[in-house]
Amino acid sequence: MANDPSDLFGGVLRFIGDALNVLFRTGASGNTRMTIWTSDDVSGDAMMAAPIPLDTATMPQPTGQQRAHDEIGVLQQIDPDFNELQFLQMATAQYDAYSAADGAMDPDALANVATPAFIDAYRQRVAQWKAAGLRRVVHDVSMPGSAVIKVSVDGTRQAIVVRFSTSGVRFTQDVDSGVATEGGSTSETSTEFATFVRPPGTTTPKTPATGATTHCPSCGAPLAGGEPKCPFCGTQLTGTGGTWLLDHVSASAYT
């Protein structure tokens, strides 16, 4: 009896299918970037449960500005009255005071704007300059821009790093010859990073805009708003009383 043509044709198709399957498995096994799941390997449930690895190296990373914004948010969770704009105004005023003290080579002028450690380090630097017959020349310093770039809060302190864009004349000069020994005698633009710190757990004193009292609850004296203590009787008003102080100045954010 002659073979049925349909059986012969079906056999040819099965042969071709088996051959292609073998070739596909062989190619896939040699490709380290491809994993082929078949019913012979795992069950359907296992296939559904197989984790898909994430390539974190190619995922979008937050910008420096976004990281700083997120870090400020963490600070505001423990200090709801912290205001970035008001902080930058205060930081700029303290940096200006530092520039003036540097030009006068007067460490004592930093008493209200810097930490004791910063003042002691600057005092030693001034002593070294004077011993070497040098003096500082600082004038026409302006600050066209400032920005918070890092905030850290831990059990030892709260710290904020501010980037200052500055221009002006700042250099060290030999007293006798007038020659600049460090820096240039012409106006230059530069970027400096200043770190401001305050004790852990410190909170910002309220201002009139955030509900500060206008009179001392103890002695009744009028208040301008924003004072941590009454200037007349010393009564603690709002916040913890700690203030931000300049602790470090560097040409790099990482030193």
A.B. asks: Yes or no on side-chain contact (heavy atoms from CB on, under 4.5 Å) for Phe196 and Gln94, after CA distance, side-chain angles and deciding distance?
C.D. replies: CA-CA 10 Å; Phe196 297 85; Gln94 292 191 352; 3.3 Å; yes
A.B. asks: Would you say the side chain of Ser218 lies within less than 4.5 Å of the side chain of Cys230, judging by non-hydrogen atoms?
C.D. replies: no
A.B. asks: Among pairs that include at least one residue of residues 137-149, which meet side chain to side chain donor-acceptor pair (under 3.5 Å), considering only residues two or more places apart or in two chains?
C.D. replies: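 Output for this query lists Ser142-Ser167.
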A.B. asks: Flag the pair Glu192 and Arg170 as a salt bridge only when some basic side-chain nitrogen lies within less than 4.0 angstrom of an acidic carboxylate oxygen.
C.D. replies: yes
A.B. asks: Determine the minimum heavy-atom distance between Thr156 and Pro200, stating which atoms define it.
C.D. replies: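 Closest approach of Thr156 to Pro200, heavy atoms only: O-CD, 3.2 Å.
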A.B. asks: What is the distance from atom OG of Ser152 to atom CD of Glu71, rounded to the nearest 0.5 Å?
C.D. replies: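 It comes to 7.5 Å.
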A.B. asks: Indicate the atoms forming the closest heavy-atom contact of Asn83 with Leu85, along with that distance.
C.D. replies: OD1-N, 3.0 Å
A.B. asks: Would you indicate whether Gln65, at its atom CD, is surrounded by more than 12 heavy atoms from other residues, nucleotides or ligands within a distance under 6.0 Å?
C.D. replies: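 12 or below, so no.
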A.B. asks: Linking I/L/V/M/F/W/Y whenever their side-chain heavy atoms sit closer than 4.5 Å, directly or via other members, would Met143 and Val169 fall into one cluster?
C.D. replies: no
A.B. asks: Assess whether side-chain contact (heavy atoms from CB on, under 4.5 Å) is satisfied between Tyr95 and Thr166, documenting all intermediate values.
C.D. replies: CA-CA 11 Å; Tyr95 187 86; Thr166 66; 4.0 Å; yes
A.B. asks: Under 3.5 Å, is there a donor-acceptor pair linking the side chains of Asp120 and Gln124?
C.D. replies: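 Side-chain D/A pair, Asp120 to Gln124: absent.
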A.B. asks: Using the rule given for salt bridge (Lys or Arg N to Asp or Glu O under 4.0 Å), can you reason through Asp106 versus Arg136, listing the C-alpha separation, both sets of side-chain angles and the distance that settles it, and then say yes or no?
C.D. replies: CA-CA 10 Å; Asp106 182 9; Arg136 288 288 286 168; over 6 Å; no
A.B. asks: Strictly by modelled atom types, are Asp174 and Ser177 linked by a side-chain donor-acceptor pair under 3.5 Å?
C.D. replies: yes
A.B. asks: Exactly one of Val113, Thr115, Asn112 should register a side-chain contact (heavy atoms from CB on, under 4.5 Å) with Leu245. Which one does?
C.D. replies: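 Testing Leu245 for a side-chain contact (heavy atoms from CB on, under 4.5 Å) against Val113, Thr115, Asn112 leaves exactly one candidate, Thr115.
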A.B. asks: Indicate yes or no: at least one non-hydrogen side-chain atom of Phe171 is less than 4.5 angstrom from one of Gln173.
C.D. replies: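 Yes, at least one pair of side-chain atoms sits under 4.5 Å.
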A.B. asks: Minimum heavy-atom separation for Leu110 to Ala97, with atom names?
C.D. replies: CD2-O, 4.4 Å
A.B. asks: Does a sphere of radius 6.0 Å around CZ in Arg123 hold more than 12 heavy atoms from other residues, nucleotides or ligands, not counting ones at 6.0 Å or beyond?
C.D. replies: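 Counting neighbours around CZ of Arg123, more than 12 heavy atoms of other residues, nucleotides or ligands fall under 6.0 Å, so yes.
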A.B. asks: Is there a side-chain contact between Phe193 and Val249, using heavy atoms and a 4.5 Å cut-off?
C.D. replies: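 In short, these two side chains do not touch, never coming nearer than 4.5 Å.
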A.B. asks: Pair Ile78, Val153 - check side-chain contact (heavy atoms from CB on, under 4.5 Å), show working.
C.D. replies: CA-CA 10 Å; Ile78 61 176; Val153 178; 3.8 Å; yes
A.B. asks: With rounding to the nearest 0.5 angstrom, report the OH to OH distance, Tyr98 to Tyr122.
C.D. replies: 6.5 Å
A.B. asks: Please tell me if the side chains of Thr92 and Gln89 come closer than 4.5 Å, counting only heavy atoms from C-beta onward.
C.D. replies: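 Thr92 does not reach Gln89 side chain to side chain.
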A.B. asks: Is there a side-chain contact between Trp244 and Met90, using heavy atoms and a 4.5 Å cut-off?
C.D. replies: yes
A.B. asks: Under 3.5 Å, is there a donor on one side chain and an acceptor on the other for Thr195 and Asp247?
C.D. replies: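 Note: Thr195 and Asp247 side chains miss the donor-acceptor criterion.
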A.B. asks: Does Phe232 sit in a hydrophobic cluster with other residues, and if so which ones, taking ILVMFWY side chains as linked at heavy-atom separations under 4.5 Å, directly or through other members?
C.D. replies: none
A.B. asks: Evaluate side-chain contact (heavy atoms from CB on, under 4.5 Å) for Lys130 paired with Met105, printing each intermediate quantity in order.
C.D. replies: CA-CA 9 Å; Lys130 291 182 177 180; Met105 298 176 64; 4.0 Å; yes
A.B. asks: For a quick test of reading the model, state the closest non-hydrogen atom pair linking Val148 to Leu88 and the distance between them.
C.D. replies: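 Minimum heavy-atom contact is CG2-CD2, 3.8 Å.
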A.B. asks: For the atom pair NE2 (His69) and CD (Gln66), what is the distance rounded to the nearest 0.5 Å?
C.D. replies: 6.0 Å
A.B. asks: Quick one: does any side-chain atom of Asp154 pair with a main-chain N or O of Arg157 as donor and acceptor, under 3.5 Å?
C.D. replies: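 Indeed, once roles are kept as given, a pair shorter than 3.5 Å links the two residues.
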A.B. asks: I would like to know whether Thr204 and Asp79 meet side chain to side chain donor-acceptor pair (under 3.5 Å); could you show each step before the answer?
C.D. replies: CA-CA 6 Å; Thr204 302; Asp79 183 9; 2.5 Å; yes
A.B. asks: Search all heavy atoms of Ala114 against all heavy atoms of Ile119 and return the closest pair with its distance.
C.D. replies: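 Minimum heavy-atom separation between Ala114 and Ile119: O-CD1, 3.8 Å.
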A.B. asks: Between Thr172 and Thr181, is a side chain to side chain donor-acceptor pair (under 3.5 Å) present by the stated rule, with each step listed?
C.D. replies: CA-CA 6 Å; Thr172 305; Thr181 61; 4.9 Å; no
A.B. asks: Please tell me whether Phe82 and Phe87 form a close aromatic pair, meaning their ring centres lie under 6.0 Å apart.
C.D. replies: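 Aromatic pair counts; centres sit under 6.0 Å.
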A.B. asks: Following the transitive rule for hydrophobic clusters with a side-chain heavy-atom cut-off under 4.5 Å over Ile, Leu, Val, Met, Phe, Trp and Tyr, establish whether Ile72 and Ile160 coincide in one cluster.
C.D. replies: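 Yes; Ile160 is reachable from Ile72 via cluster members.
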A.B. asks: Tell me, do Gln158 and Val197 make a side-chain contact under 4.5 Å, heavy atoms counted?
C.D. replies: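 They are not in side-chain contact.
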